[in-house]
Colleague: 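Dropping a structure here in structure tokens format, bear with me for questions.
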There are 2 protein chains.
Amino acid sequence: MLQLTKRTEYGMLALVHMLDRDGEYVSVREICERYPLPKRTVAEVLKDLARNGVVESQRGAGGGYTLARSPDEITLGHVVSALEGAPALTSCESALVLKNGGCEVQPSCPIRSPIHRVRERLWQMLEHTTLRSLVASGGHVPLHTAAASAPHAP
Amino acid sequence: MLQLTKRTEYGMLALVHMLDRDGEYVSVREICERYPLPKRTVAEVLKDLARNGVVESQRGAGGGYTLARSPDEITLGHVVSALEGAPALTSCESALVLKNGGCEVQPSCPIRSPIHRVRERLWQMLEHTTLRSLVASGGHVPLHTAAASAPHAP
DNA sequence: GCAATTAGCACAAATTAGATGCGCTTTGAG
DNA sequence: CTCAAAGCGCATCTAATTTGTGCTAATTGC
């Protein structure tokens with residue numbers, strides 16, 4: 001389906017929360033108290049974001065995660081590529097098929113090239129959507145004034 | 001994942017082939033001989049496209065499918081919406097969650113609004129990608145000169 | 001040094017979406 | 001009447017995604 005994974009959603013929510021907490025270390029537990037998200041998956045998501053340099057982790061008491069860069073330098077593209085890999089609109093672009101030598105030996109696939117262009121533009125959109133723009137425009141209510149709110153029915 | 005389904009790919013390939021055959025009725029069998037695609041799924045895809053007025057079906061001997069509109073009026077958007085439903089980038093936009101009253105009661109979801117804008121633009125891209133533009137630009141080789149070629153390893 | 005907190009990691013399992021096969025029915029052409 | 005082809009329902013089958021539980025390692029605060 002043409003849909004972001006839950007991991008990506010969780011990642012974005014976590015990043016927004018970290019932005020709210022402005023530089024402090026935020027634990028997975030805290031994020032899952034703020035939003036009703038499964039702890040395990042959020043932990044894994046943040047680990048992957050840390051590996052990709054989007055956030056920094058700090059172990060031990062008082063530790064957690066914090067943004068590794070400015071919210072203007074963190075984009076939806078970074079999050080998606082860290083959590084889902086680069087988008088492959090068609091199955092013949094996916095890593096699995098590529099490594100099997102499935103499709104790139106077929107130079108005359110009629111839909112390949114135009115689909116690639118669509119994907120390129122989609123990718124540009126993701127890369128130009130910064131973390132700051134996420135909070136700047138939405139119905140987002142900063143932490144200290146907001147009651148707990150959740151994006152999902154758990 | 002941010003990826004089109006195989007159904008959508010099959011649909012586009014089938015449409016391209018129908019365009020090649022210029023107005024004649026094309027059977028599912030013929031399409032599956034041209035491209036190595038599973039008959040059952042292609043049949044279902046074309047049925048759905050017919051329901052949505054993208055193609056027209058003709059039963060009986062000599063029947064099959066043909067384009068219901070000009071290749072300039074058929075877009076990737078039509079195909080995706082017929083075969084996958086309108087794209088819902090986040091899970092809280094998906095039909096399942098909506099009908100459960102899951103998320104739209106949460107007016108302060110921090111990421112909802114900007115994600116919607118991304119989705120709108122993605123949707124516009126799909127709507128502006130016409131069937132004709134698919135064949136006009138790719139490495140597509142018209143039917144009568146092409147050897148059989150396939151987009152996938154089966 | 002010790003206890004509490006917190007990330008990291010591994011095994012597995014539950015859930016969901018997606019894709020496909022088979023056989024039968026209906027329709028239409030020759 | 002016979003054959004080709006769409007339409008339909010049922011049953012899987014597969015693959016990706018998501019999640020739970022419990023244990024390990026790293027820090028911090030006392």
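Every heavy atom of this structure was used, including side-chain atoms; hydrogens, water molecules and symmetry mates were not. Chain letters run A, B, ... following the sequence lines, proteins first and then strands; every chain starts at 1.
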Colleague: The criterion is side-chain contact (heavy atoms from CB on, under 4.5 Å); which residues satisfy it with B:Met125, sequence neighbours excluded?
Modeller: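 Expected list: A:Val118, A:Arg121, A:Leu122, A:Met125.
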
Colleague: What's the NZ-P distance between B:Lys39 and D:dA6, to the nearest Å?
Modeller: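 Result: 7 Å.
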
Colleague: Expressed as a whole number of angstroms, how long is the span from B:Glu9:CD to C:dT20:C1'?
Modeller: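 In whole Å, C:dT20 C1' and B:Glu9 CD are 16 Å from each other.
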
Colleague: Enumerate the side chain to side chain donor-acceptor pair (under 3.5 Å) contacts for residues 54-66 of chain B, please, sequence neighbours excluded, ordered by first and then second residue.
Modeller: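 Qualifying pairs: none.
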
Colleague: Round to the nearest Å and state the distance from A:Leu83 atom CG to D:dT19 atom P.
Modeller: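 From A:Leu83 CG to D:dT19 P: 13 Å.
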
Colleague: Can you sort out the partners of B:Glu24 under salt bridge (charged side-chain N to carboxylate O under 4.0 Å, His left out), two or more places apart, ordered by chain and number?
Modeller: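 Listed in chain order: B:Arg21.
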
Colleague: So A:Leu131 and A:Val16, do their side chains get closer than 4.5 Å, heavy atoms only?
Modeller: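 In contact.
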
Colleague: Roughly how many Å is it from OH in B:Tyr65 to P in D:dA5, rounded to a whole number?
Modeller: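 Between P of D:dA5 and OH of B:Tyr65: 13 Å.
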
Colleague: Does any pair with a residue in residues 42-54 of chain B pass side chain to side chain donor-acceptor pair (under 3.5 Å), and if so which ones, sequence neighbours excluded?
Modeller: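 Residue pairs with at least one partner in residues 42-54 of chain B: B:Arg7-B:Glu44, B:Arg7-B:Asp48, B:Arg40-B:Glu44, B:Asp48-B:Arg51.
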
Colleague: For C:dT27, does OP1 or OP2 lie under 4.0 Å from any side-chain N or O of B:Tyr25?
Modeller: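 No, outside the criterion.
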
Colleague: For B:Glu127, what residues pass the side-chain contact (heavy atoms from CB on, under 4.5 Å) criterion, not counting sequence neighbours?
Modeller: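 For B:Glu127 the side-chain contact (heavy atoms from CB on, under 4.5 Å) partners, ignoring immediate neighbours, are B:Trp123.
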
Colleague: Once each nucleotide of nucleotides 21-30 of chain D is scored for protein heavy atoms under 4.0 Å, what B/S/- sequence comes out, 5' to 3'?
Modeller: B---BBBB--

Colleague: Going by distance alone, is a donor N or O of one side chain under 3.5 Å from an acceptor N or O of the other, for B:Glu30 and B:His17?
Modeller: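 The criterion, which ignores hydrogens and geometry beyond distance, is satisfied for B:His17 and B:Glu30.
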
Colleague: Please list residues of residues 43-56 of chain B whose heavy atoms come under 4.0 Å from any atom in DNA chain D, ordered by number; otherwise none.
Modeller: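 Residues of residues 43-56 of chain B under 4.0 Å from DNA chain D: B:Lys47, B:Arg51.
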
Colleague: Does B:Glu120 have any salt bridge (charged side-chain N to carboxylate O under 4.0 Å, His left out) partners at least two apart in sequence or in another chain, and if so, which?
Modeller: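 Not a single residue meets the salt bridge (charged side-chain N to carboxylate O under 4.0 Å, His left out) criterion with B:Glu120.
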
Colleague: Residues two or more places apart in sequence or in another chain: which of them pass salt bridge (charged side-chain N to carboxylate O under 4.0 Å, His left out) with A:Arg29?
Modeller: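 Partners of A:Arg29 under the salt bridge (charged side-chain N to carboxylate O under 4.0 Å, His left out) test: A:Glu33.
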
Colleague: Return the set of residues passing salt bridge (charged side-chain N to carboxylate O under 4.0 Å, His left out) with B:Asp72 (not counting sequence neighbours), or none when no residue passes.
Modeller: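 For B:Asp72, the residues satisfying salt bridge (charged side-chain N to carboxylate O under 4.0 Å, His left out) (neighbours in sequence not counted) are B:Arg132.
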
Colleague: For A:Ser81, enumerate each residue passing the side-chain hydrogen bond (donor to acceptor under 3.5 Å, both in side chains) test, keeping only those at least two apart in sequence or located in another chain.
Modeller: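 Checked A:Ser81 against side-chain hydrogen bond (donor to acceptor under 3.5 Å, both in side chains); zero matches.
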
Colleague: Please report the distance, rounded to the nearest Å, between CG in A:Leu2 and P in D:dA16.
Modeller: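 The answer, rounded to whole Å, is 18 Å.
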
Colleague: CG of A:Leu4 versus C1' of C:dA17: gap in Å, rounded?
Modeller: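 Distance, rounded to whole Å: 16 Å.
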
Colleague: Measuring to OP1 and OP2 of C:dT5, would you say a side-chain N or O of A:Arg29 lies under 4.0 angstrom away?
Modeller: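 So the side chain of A:Arg29 is outside the cut-off, no N or O lying under 4.0 Å from OP1 or OP2 of C:dT5.
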
Colleague: Below the 4.0 Å mark, does C:dG18 have OP1 or OP2 next to a side-chain nitrogen or oxygen of B:Tyr10?
Modeller: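 Answer is no, no contact under 4.0 Å.
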
Colleague: Hey, is the side chain of B:Ser27 poking within less than 4.0 Å of OP1 or OP2 on D:dA4, counting only N and O atoms?
Modeller: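 Negative; the distance criterion is not met.
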
Colleague: In whole angstrom, what separates A:Gln3's CD from C:dG18's C1'?
Modeller: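 The distance from CD of A:Gln3 to C1' of C:dG18 comes to 13 Å, rounded to the nearest Å.
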
Colleague: Pick out which of B:Met1, B:Glu84, B:Gln3 makes a side-chain contact (heavy atoms from CB on, under 4.5 Å) with A:Leu2.
Modeller: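 One option only clears the test, and that one is B:Glu84.
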
Colleague: Can you check the A:Lys6 NZ to D:dT17 P distance for me, whole Å?
Modeller: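 Going from A:Lys6 (NZ) to D:dT17 (P), I get 13 Å.
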
Colleague: Under 3.5 Å, which protein N or O atoms sit close to an N or O of nucleotides 1-3 of chain C? Give each pair with its distance.
Modeller:
none

Colleague: Hey, which sits more toward the 5' end of DNA chain C by its nearest nucleotide, A:Val28 or B:Thr41?
Modeller: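 Going by which nucleotide is closer to the 5' end, it is A:Val28.
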
